[in-house]
Amino acid sequence: MRLEDLRADCGSCHGLCCVALTFAKSADFAIDKDAGEPCPNLQQDFRCGIHEKLRPEGFQGCTVYDCFGAGQKVSRLAGPSWREQPGQKMFAALPIMRQLHELLWYLTEALQLDQTREIHQQLRELRDHVEEVTLQDLETVDLEAERQAVNELLLKTSRLVRGKQPKSKERRGADLFGAKLRGADLRAANLRGAYLIAADLREADLRQADLIGADLRDADLRGADLTGALFLTQSQVNAARGNTATKLPSAVLRPAHWV
């Protein structure tokens, strides 16, 4: 498995996120939509009719969401689409599969790191286990237990990659809402679960920083260096602001709305 295999492929999905999820009219969504109700922009071929202008049309939330490839997997396993059979089971499976695929993303990333060689076998075994779980009846999955097992290895991964850091770089869960961090040296910092909403991170050095669960909504990443940042996801990047000068890990794509 590669990280590329865990990217959303909307062309191979039954448009599940456009039906299964709830929209609440806000800055992120132009309309209210109940779970199980197809978005009015969803076409018969399961493609979005306003994909190229989602943000101007008021659907910013759609450009931030990423399913880690869960949508196409649920669609493939289900066979016929929700237009041809009752879709409730597919809709219920999507958020569970997404969380499992997020765990697979982290484990696959950890396996690609030279610094984690000593725990590669454990990482591989756990990744194979989670992959097997995705093929089971998802209604019976204990997500909390799966997350706890994976988190133990991800913490080891973080320590192996980041090494011992000064206390100033241990900012796990820190409230950095709107923080002025332009040009900050955050190399190998522990920013797990940190609130970096609207933080000014222009030209900041975030190489090898642990960003798992960090809230980067509207964070300004223009010119920032996130090369080798740990556990950075497409959703986090999509929610932030950046430009062509922002350096990203190779597995994360530069959002179209950054240009």
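Just so it is clear, the model here is predicted, and its values are computed rather than measured. Numbers for residues simply follow the sequence, beginning at 1.
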How close do [X] and [Y] get, heavy atom to heavy atom, and via which atoms?
{"X": "Leu104", "Y": "Glu131", "answer": "CD1-OE1, 3.4 Å"}
{"X": "Leu206", "Y": "Ala229", "answer": "O-CB, 3.9 Å"}
{"X": "Ser168", "Y": "Arg171", "answer": "O-CD, 3.4 Å"}
{"X": "Asp220", "Y": "Arg222", "answer": "OD2-NH2, 2.6 Å"}
{"X": "Gly71", "Y": "Ser75", "answer": "O-OG, 2.8 Å"}
{"X": "Leu16", "Y": "Cys13", "answer": "N-SG, 3.5 Å"}

Would you check if there is a donor-acceptor pair between the side chains of [Y] and [X] at a distance under 3.5 Å?
{"X": "Gln121", "Y": "Glu125", "answer": "yes"}
{"X": "Asp225", "Y": "Thr227", "answer": "yes"}
{"X": "Glu84", "Y": "Ser81", "answer": "yes"}
{"X": "Ser235", "Y": "Asn238", "answer": "no"}
{"X": "Glu152", "Y": "Gln148", "answer": "no"}

Please report the interatomic distance [atom1]([X]) to [atom2]([Y]), rounded to the nearest 0.5 Å.
{"X": "Arg217", "Y": "Asp28", "atom1": "CZ", "atom2": "CG", "value": "8.5 Å"}
{"X": "His129", "Y": "Leu107", "atom1": "NE2", "atom2": "CG", "value": "10.0 Å"}
{"X": "Leu153", "Y": "Thr157", "atom1": "CG", "atom2": "OG1", "value": "6.5 Å"}
{"X": "Gln234", "Y": "Phe68", "atom1": "CD", "atom2": "CZ", "value": "9.0 Å"}
{"X": "Leu3", "Y": "Trp105", "atom1": "CG", "atom2": "CH2", "value": "4.5 Å"}
{"X": "Leu126", "Y": "Glu146", "atom1": "CG", "atom2": "CD", "value": "7.5 Å"}

Look at atom [atom1] of [X] and say whether more than 12 heavy atoms of other residues, nucleotides or ligands are closer to it than 6.0 Å.
{"X": "Phe46", "atom1": "CZ", "value": "yes"}
{"X": "Lys247", "atom1": "NZ", "value": "no"}
{"X": "Lys169", "atom1": "NZ", "value": "yes"}

Under 4.0 Å between a side-chain nitrogen and a carboxylate oxygen: does that hold for [X] and [Y]?
{"X": "Arg192", "Y": "Asp210", "result": "yes"}
{"X": "Glu170", "Y": "Lys167", "result": "no"}
{"X": "Arg187", "Y": "Asp205", "result": "yes"}

Same apolar cluster: [X] and [Y], side chain cutoff 4.5 Å:
{"X": "Ile197", "Y": "Val64", "value": "no"}
{"X": "Ile31", "Y": "Leu54", "value": "yes"}
{"X": "Val130", "Y": "Leu138", "value": "yes"}
{"X": "Leu100", "Y": "Leu77", "value": "yes"}
{"X": "Ile212", "Y": "Leu143", "value": "yes"}

For Asp137, which residues count as a salt bridge (charged side-chain N to carboxylate O under 4.0 Å, His left out) partner, sequence neighbours excluded? none

What salt bridge (Lys or Arg N to Asp or Glu O under 4.0 Å) pairs are there with at least one residue in residues 106-121, not counting sequence neighbours?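 Salt bridge (Lys or Arg N to Asp or Glu O under 4.0 Å) check on residues 106-121 returns Asp114-Arg117.
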
Show the numbers, then the answer: is there a side-chain contact (heavy atoms from CB on, under 4.5 Å) between Val237 and Leu226? CA-CA 10 Å; Val237 172; Leu226 293 98; 5.9 Å; no

Find out whether Met90 and Val19 are in side-chain contact, i.e. whether some heavy atom of one side chain is under 4.5 Å from a heavy atom of the other. no

Donor-acceptor pair, Thr246 side chain versus Leu221 backbone, under 3.5 Å? yes

How far apart are the C-alpha atoms of His51 and Asn41, what are their side-chain angles, what is the distance that settles it, and do they pass the side-chain contact (heavy atoms from CB on, under 4.5 Å) test? CA-CA 9 Å; His51 181 73; Asn41 299 310; over 6 Å; no

May I have the step-by-step check of side-chain contact (heavy atoms from CB on, under 4.5 Å) for Gln208 and Gln165, ending in yes or no? CA-CA 12 Å; Gln208 295 186 318; Gln165 297 297 324; over 6 Å; no

Counting the benzene-type ring for Trp, do Phe231 and Tyr106 have ring centres under 6.0 Å apart? yes

